[in-house]
Structures are given as structure tokens and as C-alpha cells.
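What follows is a single structure, written as C-alpha cells, with notes after it.
In what follows, chains carry the letters A, B, and so on, assigned in the order in which the sequence lines appear, proteins first and then strands, with residues in each chain numbered from 1.
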Amino acid sequence: MQNILQELNDKQKEAIQNTDGPCLIIAGAGSGKTKVLTYKIAYLIQEMGIKPWNILAITFTNKAAEEMRQRAEKLIGENINDLWLGTFHSICVRILRKFIDRLGYDTSFVIFDTSDQKTLVKNCMKELNIDTKLLTEKSVLNAISNAKNEMLEPEQYSLKYAGDFRKETIGKVYTLYQKRLKDNNAVDFDDIINFTIKILMENPDILDYYSTKFRYILVDEYQDTNKAQFTLITLLASKYGNITVVGDNDQGIYGFRGADIANILNFEKDFPGTNIIKLEQNYRCTGNILKVANAVIKHNQNKYEKKLWTENDEGTLPYIFCGKDEYSEAEFLIENINRLKREEYFKYSDFAILYRMNSQSRAIEDKLRIENIPYKIIGGLKFYERKEIKDAIAYLRLISNQSDNFALERIINEPKRGVGKTSLDNIRNIAIQNNISMYEVIKNASDFIPRIYENTRQFVEVIEELKSTECTISELIMQVLNKSGYIQALKDENTIEAETRIQNIEEFVTVANEFENESAENTLTEFLNGIALASDTDNLENSDDVVTLMTLHSAKGLEYPAIFLVGLEEGIFPGYQSMDNPEDIEEERRLFYVGVTRAKQFLFLTFAKRRTIFGSTSYNPPSRFLKEIPKEILDGYEKAMEEKDKNEEFENSNVEWNYKNHYNKADFSNVITYQAKDLSNSTSTKFGRTAESFLASIQAKKNTDVDLSKFKVGQKIYHKKFGQGVISKLEPEEDDIKVDIDFEKAGHKRLMAKFAGLEILE
DNA sequence: ACGGGCGTCTTTTTT
DNA sequence: AGACGCCCGT
């Protein structure tokens with residue numbers, strides 16, 4: 001242990017040796033936060049003789065938990081399975097599995113994910129005859145989640161907002177929503193924390209047990225905790241008060257989902273006698289990258305002001321680049337990936353491309369694919385969100401818990417069994433009237449509803465058989481999907497998509513197989529748990545040599561030698577929905593700070609003059625965050641601004657343009673959105689051309705000499721920009737032909753024959 | 001019951 | 001641009 005402490009700087013040492021009483025560690029990006037936490041765990045166990053089961057350590061993701069466990073075990077040199085180490089949710093689920101019966105739930109409860117929640121809200125609103133045009137399900141779900149974050153139960157919520165018609169309605173939905181969850185023996189994400197709190201508060205014996213057990217509590221990423229999480233740790237720490245929280249108020253980026261940065265700001269008030277330790281030495285980034293980070297974040301109001309410094313080299317200047325559009329932005333990324341590979345011997349896995357929202361990945365992917373650069377995407381459409389996987393999970397859920405009406409609704413007609421909307425409504429109503437589960441309704445359907453009886457008999461038999469079968473989870477998946485006819489239905493489809501689905505299911509079986517091989521205690525319930533609480537970054541492996549694409553949020557806690565921060569435009573980053581609220585802008589700025597500080601050696605900041613997103617094209621000014629960086633510490637500044645101000649030469653295009661001011665709400669007058677559609681008004685554009693003259697210039701490019709008879713399906717053609725391709729479809733339009741072409745490299749495109757300048761190949 | 005077609009709406013981030 | 005919901009015809 002002596003030599004371990006020697007590996008730490010003075011502040012880090014102080015943070016570790018400060019074991020008793022409340023301790024707030026303000027840890028700047030790259031300051032060795034994880035190191036401090038793991039060493040502190042090791043220190044407690046080895047130096048202070050604390051038993052692992054008397055320590056609770058809470059992290060933000062499962063991946064962070066796993067990493068921390070491994071690093072701590074390496075330090076100590078033995079397994080520390082008895083240490084409670086996990087996310088808020090996984091820790092609470094563990095407690096709930098033991099004690100949720102005190103709230104009248106069964107300990108085999110299921111966890112509802114976001115889409116289950118949505119469906120449930122929808123059903124509730126329907127049942128209450130609430131017009132979804134006046135009150136959208138999304139806003140209701142949001143309101144419910146906010147209420148739960150503030151720890152208001154339905155009755156309290158209704159009471160608090162009595163007199164407010166809108167909120168009274170929401171209160172009614174909330175009440176029913178909560179009842180239906182209970183009917184299904186289900187909890188949602190927020191319930192996991194809140195129910196644990198409730199159990200601890202209502203049962204002194206349980207509170208005493210856990211607050212005695214957890215003599216030392218450590219919490220990571222404290223800036224991203226919410227009110228409920230704060231309450232929970234306050235309860236657990238109530239006996240000993242040995243609580244260490246680590247966080248960085250400049251990295252709080254989850255305000256949108258209820259995280260309250262006030263938690264970290266008020267910690268010293270909430271826990272009197274707090275010792276505050278600031279870790280300001282950065283070990284990750286070059287000096288210049290840190291300068292960028294510091295320059296931007298200082299525009300935020302800040303309580304714990306800190307100035308990150310480093311002994312690392314200054315490094316090269318971060319590069320700023322302006323692309324013509326999102327594709328030229330992507331080309332810039334590729335050039336630099338190739339350059340650094342060549343000049344610095346970088347691997348693909350040394351690069352990460354970070355964007356504000358998932359939909360931005362598309363253009364980048366297109367280019368990466370064309371250039372044959374291997375990549376992977378974190379987030380977006382997740383494995384467990386695919387239809388076939390959700391279906392398989394629903395079957396498992398129903399087998400493990402027959403009162404799970406949601407699982408039943410999902411799969412009762414999957415594959416098709418002739419149970420449509422009408423039958424389903426019937427089943428649901430009978431279930432509600434008799435206060436039994438929908439599964440019970442169909443199981444006992446025989447006498448009163450013959451049609452349902454016939455159509456669901458085989459389904460019930462399969463569930464009945466498998467619920468009492470002793471077999472492994474992977475076998476169970478295969479059996480249920482085979483016996484239910486699910487796989488057969490996919491095979492009968494005989495399409496490539498169905499084939500992919502079957503492969504995904506096979507992958508799912510593999511996952512299940514690995515899970516059950518890990519430990520004999522890994523039951524079906526545990527498996528379903530793990531899935532519900534899994535996040536995508538959890539499975540992020542660095543073994544493949546590929547470029548990583550992800551949102552800035554997913555990048556939290558990670559680091560890469562080279563980082564591309566793309567889409568740095570007003571309206572994109574910061575996003576337009578945060579632009580009228582100074583607090584939201586500060587959160588965006590923290591997000592920018594997080595992005596910048598992921599980079600170890602190279603940082604590229606890019607924006608595009610023109611961008612097509614959500615189906616319309618807009619010209620956004622560069623992000624305000626770029627302007628907050630002194631231009632002396634940016635490479636390529638002049639060039640980028642020149643490109644930005646350059647008058648654009650419209651490309652050969654076959655679309656007519658019409659513009660409208662898209663951002664009038666945000667008072668953002670220099671943003672103009674162009675939208676492809678009919679050309680009716682003739683207001684002049686930003687570039688001093690009228691729409692007519694623009695149309696005329698397009699018309700002039702139209703080549704009337706094209707011999708349309710040469711265009712046939714299967715014909716090989718050549719396009720100046722897209723290269724070689726084959727015509728897959730023709731569609732006459734006025735005096736022209738719309739041609740669908742599969743290009744070898746550029747993929748599928750639809751062009752007008754007379755505009756595109758296609759060469760016929762032999 | 002079911003599938004296709006059409007129109008509308010929505011675009012943030014996720015444990 | 002794409003997802004989703006609704007309506008209609010079978």
C-alpha cells in the first residue's frame with residue numbers, strides 16, 4: 001500500500017486518506033477521478049481493514065462499475081465480490097428484489113423500459129378518454145417522470161396541482177398509470193429509486209440494516225444525480241456519515257432528465273463538516289486542448305471555480321474547419337484520419353467522432369463506408385430495441401411473470417394468430433373487469449369466447465409448458481421461438497430483413513448463453529434485469545480497430561488520442577431548443593467542455609456552412625462556443641472563416657428551392673432554411689439571387705439532347721461524381737425520366753435523366 | 001383481421 | 001427524411 005500511495009499526487013492522496021466524514025472531491029476532467037475512487041476502495045479495505053461488504057460504491061454506468069471493480073481487485077490482489085459496486089439502478093434493484101413485497105409487489109417484478117412506458121401512458125389516456133390532441137402522451141410521460149424525480153406520488157401530485165386543469169388531468173393519468181404498473185407487477189426507471197427510498201423510510205428495520213451495513217459510501221459523477229438519488233444516499237449515509245462524492249460541476253450534462261447540479265453545489269451545506277478537495281492537475285490532454293476547454297467553460301457562472309493545468313506538452317493547436325456541407329465535413333474527418341494514421345501511426349481505434357444528436361451520424365457513415373474506413377456506432381438503434389429482440393424478451397417476460405400484460409400484448413399476435421385489435425380490446429376489458437391478468441383471460445377463455453380460445457390455444461400451451469420447464473435461458477429462447485412459430489414465420493417471409501432478424505436472435509441466444517455460463521446464480525430474472533438496465537456504452541470494447549462514432553453524452557468518461565467534434569453550429573450545438581434559456585446554454589457549454597476534454601493529443605472542431613437535417617437544408621452560423629475560443633490557439637481559423645463567408649456556387653441539382661425562415665421562434669434572423677418544394681414566391685435569397693433566376697440557371701444546365709430511349713433497367717451508367725452504377729428503376733416524369741441507380745460506391749440514388757449528365761456504358 | 005397507402009408530425013441528449 | 005398513426009379496401 002505504501003508504494004500505491006506514492007503513485008498519487010498530494011491532492012489525490014488527501015482525497016484518499018480522508019476516509020471519515022463527508023468529503024467532496026471536485027475532480028476536473030482527466031484528473032484521475034477513477035483512480036482516486038479505486039485507490040480509495042483499496043485503501044479502505046487494505047489499510048483500514050474495512051470489510052468489502054461494508055462499502056457501497058455507486059457509478060454512473062455499468063461499464064464504469066465493472067472497470068472500477070477490476071482495477072480495485074488488481075490493486076488488492078483478490079476478488080472483492082462482496083463489495084456493493086454498481087449504478088444507482090442496479091443497487092436499488094438488488095434491494096427491491098429482497099424487500100419490494102413491503103410495497104405489495106412481487107419480488108419477481110419486471111422493469112418497464114421507455115417504450116413500455118409510452119404504451120402504458122397511451123392506454124391509460126385512452127381508458128380515461130383524454131384527447132391526445134390536447135395533451136400528448138409524450139408531455140404526460142414527461143410530467144410523470146418529473147413528478148417522480150421530485151418524489152411526488154400520484155395523490156400528492158394531484159393535491160399539489162388541484163385547480164390547474166391540465167395538471168389535474170395529468171394527475172388522473174399518473175394515478176391510473178401507477179395502478180396499471182402495479183397490476184403488471186412492473187416498475188419503471190424512476191420507481192426503482194423511489195421505491196427503495198419509500199421502503200427505507202417506512203421500515204426502520206430495513207433502513208437500520210442498510211445504513212449499518214454501508215459504513216463507507218462512495219458516489220461517482222455526483223453532478224449528475226437527481227433529487228431522489230440524493231435522498232437515497234442521504235438515507236444510507238444517515239448512520240455513519242462517511243460519504244465521499246466525486247464530481248465536476250463543469251461536466252453536469254443530464255439536467256434534461258432531472259439531474260440537479262444543485263446537489264453538488266449544496267453538498268457542503270447538506271453534509272456539514274465537509275472537506276472539499278479539488279483535483280486540478282490534468283493527466284490526459286495536451287496544454288493546448290486544455291486551453292480551449294478552459295477558455296470556453298469560463299463563460300459559465302461557476303461556484304467551484306477551478307483551473308485545470310497540466311505538465312503535458314503543449315501539443316499541436318486544435319484545428320478548426322468549415323465544410324461546405326455535412327458531406328465535406330465528413331471528408332475532412334477522413335482526410336485527417338488517414339493523415340494521422342500515416343504520420344503518427346495512429347490506429348482507427350484512436351479516433352472518435354462526437355456529435356450532438358444521433359441523426360448526425362448518417363452523413364459521416366455514408367462517407368466512411370465509401371472510403372472503406374471501419375467504424376462502429378454507439379447508441380442510436382440499440383440491439384435490445386430491435387423488434388425481434390424485444391419480442392423474444394417479451395416471451396421470456398411472460399414466461400417468468402404471467403401477469404405481465406405488456407409482454408402479452410406485444411406477442412399475442414406475433415406471429416399472427418388471428419388475434420387482432422378487437423379481440424385484444426376484449427381480452428383487456430375482461431381482465432380489467434375481473435381484476436385478473438390478460439394471460440389468465442386467454443388461458444381460461446374456453447366457454448365464453450370460443451374464437452379467442454381457438455386462436456390462442458397453442459400459444460397458451462407453449463407458455464404453460466415452458467414456464468415449468470427446467471432449462472437454460474438460451475435453450476428457453478430457442479424453444480419458445482420455435483414452438484410459438486416465431487422463427488418459422490420469419491423463415492416464411494423469405495426476405496433479407498427476416499434473415500437479419502434470425503441472425504439477431506441467434507446473437508441474442510449467444511448473449512444468453514454467455515450470461516448463464518458466468519455463474520450458476522444467473523437466473524432468468526437476473527438476465528431480464530441486466531437487459532433492462534444495460535446501456536450501449538457498456539458493451540464498448542476497444543478490441544476492434546475501428547473508428548468510434550457517438551453522441552457527446554455517450555462519450556462521458558471516455559478518452560481518445562484524437563477527437564473530432566462535429567456540427568458546431570448554432571441550432572445544432574447548441575441545439576435550437578436550448579437557445580432561449582441561459583441555463584440550457586450553460587448545460588450545452590458543459591457538454592462542449594466534456595467533448596473537448598475527451599481528446600488526449602489531437603482535437604478537430606468542425607462546422608458546415610450548409611446542413612440538411614430533418615428533411616430541410618439550413619445555413620447556420622458557427623457555434624457561439626467557437627467564438628469563445630481565442631483564435632490564436634486555433635489552427636485554420638482564417639481559412640475556416642473564409643470558407644464560411646465565401647459566396648456559394650450552387651451545385652448541379654435537380655431540385656427547386658423555396659425558402660422560409662425556420663427559426664422565427666428563436667429570433668435567429670440570420671438562419672435561413674431552404675426547403676425543396678414547389679416554387680411559388682420569388683423573394684430574393686440571402687445570396688442576392690431571386691428564386692426565378694436560380695431556377696433559370698438550373699434550366700440552363702438541363703440537357704435537352706439526352707436520348708431517353710437509352711435508359712433501361714439493368715443498364716450500366718457512369719456519373720461524374722458517383723461513379724459507376726446500374727439502373728434499377730425508371731419512372732417517367734413530364735418530359736424527363738426519374739432514374740433510380742445503384743452506384744457501386746455511392747449507394748442508391750434517384751436522379752433526373754436530363755440533369756444528371758449520365759454516360760451510358762456498354 | 002390485416003396489409004397497403006397516405007397524410008401528419010417530429011425531430012436532444014439516456015440511466 | 002423518416003416514423004407513426006389512421007383509414008380504407010380486401
Side-chain angles (χ1 to χ4, degrees), chain A residues 58-65 86-93 111-115 117-119 122 132-133 136-139 142 145 148-149 188-193 220-221 224-226 228-229 252-259 354-363 378-382 384-385 387 412-426 451-452 455 530-538 550-557 567 571-579 584 587-588 590-592 594-595 611-618 662 675-677 750:
Chain A
I58 302 174
T59 58
F60 192 71
T61 61
N62 298 304
K63 188 190 176 228
T87 62
F88 272 101
H89 292 90
S90 69
I91 298 280
C92 287
V93 165
I111 300 163
F112 268 22
D113 67 15
T114 319
S115 71
Q117 284 179 283
K118 257 193 212 150
T119 320
K122 208 162 81 189
T132 49
K133 283 192 182 90
T136 64
E137 47 183 83
K138 208 182 148 193
S139 67
N142 240 324
S145 184
K148 288 186 175 186
N149 276 328
D188 67 19
F189 264 111
D190 302 314
D191 288 338
I192 291 175
I193 314 286
D220 194 8
E221 309 280 11
D224 284 321
T225 52
N226 63 24
Q229 291 165 335
I253 55 175
Y254 283 96
F256 68 92
R257 72 169 200 225
L354 311 182
Y355 35 78
R356 179 67 241 267
M357 54 192 170
N358 282 311
S359 54
Q360 285 173 265
S361 72
R362 179 173 236 103
I378 310 300
L381 30 132
K382 296 175 195 160
Y384 294 119
E385 278 170 11
K387 182 184 182 315
I412 184 63
N413 206 27
E414 203 68 61
K416 302 271 173 281
R417 294 188 181 87
V419 184
K421 200 176 161 300
T422 320
S423 301
L424 204 53
D425 284 347
N426 255 330
R451 188 195 170 91
I452 293 174
N455 289 338
I531 289 169
L533 299 178
S535 78
D536 266 1
T537 31
D538 294 342
M550 64 189 142
T551 63
L552 285 142
H553 283 86
S554 301
K556 171 166 156 168
I572 306 285
F573 189 20
Y576 74 88
Q577 51 282 71
S578 54
M579 292 207 294
D584 289 349
E587 180 150 317
E588 297 281 306
R590 292 194 290 271
L591 195 55
F592 185 87
V594 167
R611 182 179 301 274
T612 306
I613 205 144
F614 305 137
S616 64
T617 303
S618 52
H662 185 71
Q675 202 150 34
K677 252 302 166 270
R750 180 173 293 174

task: Would you give the length of the straight line joining atom CD1 of A:I193 to atom NZ of A:K148, rounded to the nearest 0.5 angstrom?
output: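 So the CD1 of A:I193 and the NZ of A:K148 are separated by 12.0 Å.
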Nearest to the side chain of [X], heavy atoms from C-beta on, is which of [options]?
X: A:Y254; options: B:dT12, B:dT14, B:dT15; value: B:dT14
X: A:M357; options: B:dT13, B:dA1, B:dT14; value: B:dT13
X: A:Q577; options: B:dA1, B:dT11, B:dT14; value: B:dT11
X: A:H553; options: B:dT14, B:dT15, B:dC2; value: B:dT14
X: A:R356; options: B:dT15, C:dG2, B:dT13; value: B:dT13
X: A:S554; options: B:dT12, B:dT14, C:dG2; value: B:dT14

Spacing between [X] atom [atom1] and [N] atom [atom2], to the nearest angstrom:
X: A:N358; N: B:dT14; atom1: CG; atom2: P; value: 6 Å
X: A:I378; N: B:dT13; atom1: CD1; atom2: P; value: 15 Å
X: A:K138; N: B:dT11; atom1: NZ; atom2: C1'; value: 8 Å
X: A:N142; N: B:dT12; atom1: CG; atom2: C1'; value: 12 Å
X: A:Q117; N: B:dT15; atom1: CD; atom2: P; value: 14 Å
X: A:M550; N: B:dT14; atom1: CE; atom2: C1'; value: 15 Å
X: A:I91; N: B:dT15; atom1: CD1; atom2: P; value: 17 Å
X: A:N413; N: B:dC2; atom1: CG; atom2: C1'; value: 9 Å

For [X], which contact category applies under a 4.0 Å heavy-atom criterion: base, sugar-phosphate, or nothing?
X: A:G418; value: sugar-phosphate
X: A:D224; value: nothing
X: A:S423; value: sugar-phosphate
X: A:K118; value: nothing
X: A:F88; value: nothing
X: A:T612; value: nothing

Whether [X] contacts [N] is assessed here as follows: a side-chain N or O lying under 4.0 Å from the phosphate OP1 or OP2. Is that the case?
X: A:K122; N: C:dG5; result: yes
X: A:T551; N: B:dT14; result: yes
X: A:R362; N: C:dG2; result: yes

Hey, are the side chains of [X] and [Y] touching, using non-hydrogen atoms and a 4.5 Å cut-off?
X: A:L552; Y: A:I253; answer: no
X: A:Q360; Y: A:F573; answer: no
X: A:E587; Y: A:F256; answer: yes
X: A:R356; Y: A:T551; answer: no

field: Face-to-face stacking of A:F256 with B:dT13, centres under 5.5 angstrom, angle under 30°
entry: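 The base of B:dT13 is stacked with A:F256 (centres under 5.5 Å, planes under 30°).
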query: Is there a stack between A:F189 and B:dT15, judged by ring centres under 5.5 Å and planes under 30°?
result: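 It does: the ring sits over the base of B:dT15.
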Plane angle bin for A:H89 and A:F189 - parallel if under 30°, tilted between 30 and 60°, otherwise perpendicular: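 It falls in the perpendicular class, over 60°.
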- prompt: Given that A:D190 and A:T422 both sit by DNA chain B, which one's nearest nucleotide is further toward the 5' end?
  reply: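 Its nearest nucleotide lies further toward 5', so the answer is A:T422.
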query: Considering heavy-atom distances to DNA chain B, does A:G420 or A:F60 have its closest nucleotide positioned more toward the 5' end?
result: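 This one resolves to A:G420.
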message: Main chain of A:V419, side chain of A:N413: is a donor-acceptor contact present, judged purely on distance under 3.5 Å?
response: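 Yes, because the side chain of A:N413 sits within donor-acceptor range (under 3.5 Å) of the backbone of A:V419.
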B:dT12 to C:dG5 separation - C1' atoms, rounded to the nearest Å: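 Their C1' atoms lie roughly 23 Å apart.
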